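Before any comments, here is the structure.
Convention: sequence-line order gives letters A, B, ...; per-chain numbering from 1. Here the structure is a predicted model, which means the values were calculated and not measured.
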Amino acid sequence: METLAVIDFETTGLYPQYGDRATEIAVMLVRNGHIVDRFQSLMNAGVRINGFITSLTGITNDMVRAARPASRVMREVADFVGATPLVAHNATFDRRFWDAELDRIGCTRRQDFACSMLIARRVLPDAPDHKLSTLVSFAGLPVIGDYHRAEADAEMAAHLVLYLTEQLMERFHLNEVPHALLARIQKTPKYQLQRCVEGYRRAGI
DNA sequence: TGCCAGGCCCTCTTTAGGGCCTT
């Protein structure tokens, strides 16, 4: 069965194009319904963290100053992930930081991102909202560690991805939900999930 | 110092605008 890499960044802000940098990254590799491997590291990009971010994440300037250089961490995590398809919660955010940090070390992304938030909007349309914390509670998944730390958020996002794939397998009698189907689901109109899966099945999975 | 995006969804829509979601 296919392996997926569920990723989460903590950063100094929302906008890599305006100088914001990654401060922590975590990746969960999931396969056959389980987390089978993981990567986590703080990283020192040589930038200051403001008080708002420290209060949100618990990550301080001292913690980042003591961490390994961002360039070394990014090389390690890029090797760890390889060409494994990526998933993140609100993937446009993590994709922009993944691409920006890879670009700084002269690398380019080798795979597509799928977005657990867009998939959850289609699979769990009745959830109160589609924040990661709300979905973890709504689906009855375990709360692990502190929200807004990379390893905890990546692990909870990984459990959410596994839950969403289980829901899809049950609802549509699928043996597996490959990344290509997740990518297709996240782009389908919100209330056409069944038509999307049936079309994918007819195409020959 | 405060601000900055982008793809999606909904509706008081489609010649648009605002909210969601991520740090």
Taking the [atom1] atom of each, how far is [N] from [M], in whole Å?
N      : M      : atom1 : result
B:dC4  : B:dC20 : P     : 16 Å
B:dC8  : B:dT13 : P     : 22 Å
B:dC12 : B:dG17 : C1'   : 11 Å
B:dC21 : B:dG2  : P     : 26 Å
B:dT22 : B:dT1  : C1'   : 23 Å

Tell me: [atom1] of [X] to [atom2] of [N], nearest whole Å?
X        : N      : atom1 : atom2 : value
A:His130 : B:dG19 : NE2   : P     : 19 Å
A:Leu118 : B:dC21 : CG    : C1'   : 9 Å
A:Lys131 : B:dG19 : NZ    : C1'   : 11 Å
A:Phe52  : B:dT1  : CZ    : P     : 16 Å
A:Arg95  : B:dC8  : CZ    : P     : 9 Å

Out of [options], whichever nucleotide has its closest atom nearest the side chain of [X]:
X       : options               : result
A:Tyr15 : B:dA5, B:dG7, B:dC8   : B:dA5
A:Thr57 : B:dT23, B:dC8, B:dT22 : B:dT23
A:Asn90 : B:dA5, B:dC21, B:dG7  : B:dC21
A:Arg96 : B:dG7, B:dC9, B:dA5   : B:dA5

Counting only distance, no hydrogens or angles, is the base of B:dC9 paired donor-acceptor with the side chain of A:Arg121 under 3.5 Å?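 No pair found.
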Checking A:Thr23 now: which residues fulfil side-chain hydrogen bond (donor to acceptor under 3.5 Å, both in side chains) with it, not counting sequence neighbours?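 None.
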Would you mind classifying the nucleic acid contact of [X] as base, sugar-phosphate or nothing, using non-hydrogen atoms under 4.0 angstrom?
X        : answer
A:Thr11  : sugar-phosphate
A:Asp129 : sugar-phosphate
A:Asp94  : nothing

Tell me every residue that passes salt bridge (charged side-chain N to carboxylate O under 4.0 Å, His left out) with A:Arg121, counting only those two or more places apart in sequence or in another chain.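 None.
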Anything under 3.5 Å between a donor and an acceptor, one on a side chain of residues 137-147 of chain A, the other on a protein residue two or more places apart or in another chain? List them.
none

Using modelled atom types only, decide if a donor and an acceptor are shared between the side chain of A:Arg122 and the backbone of A:Ile185 within a distance under 3.5 Å.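 Checked: pair present.
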Side-chain donor or acceptor of A:Glu151 paired with backbone N/O of A:Gln40 under 3.5 Å: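 Not a single qualifying donor-acceptor pair exists.
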What side-chain hydrogen bond (donor to acceptor under 3.5 Å, both in side chains) pairs are there with at least one residue in residues 106-116 of chain A, not counting sequence neighbours?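 Listed once each, the pairs are A:His89-A:Ser116, A:Asp99-A:Arg109.
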Once side-chain contact (heavy atoms from CB on, under 4.5 Å) is applied, do any residues pair with A:Pro189, and if so which ones, sequence neighbours excluded?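 If we apply the side-chain contact (heavy atoms from CB on, under 4.5 Å) test to A:Pro189, skipping adjacent residues, the hits are A:Gln192.
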Please list residues of residues 137-168 of chain A whose heavy atoms come under 4.0 Å from any atom in DNA chain B, ordered by number; otherwise none.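 A:His148, A:Asp153 - these, ordered by number, are the residues of the stretch whose heavy atoms sit under 4.0 Å from the strand.
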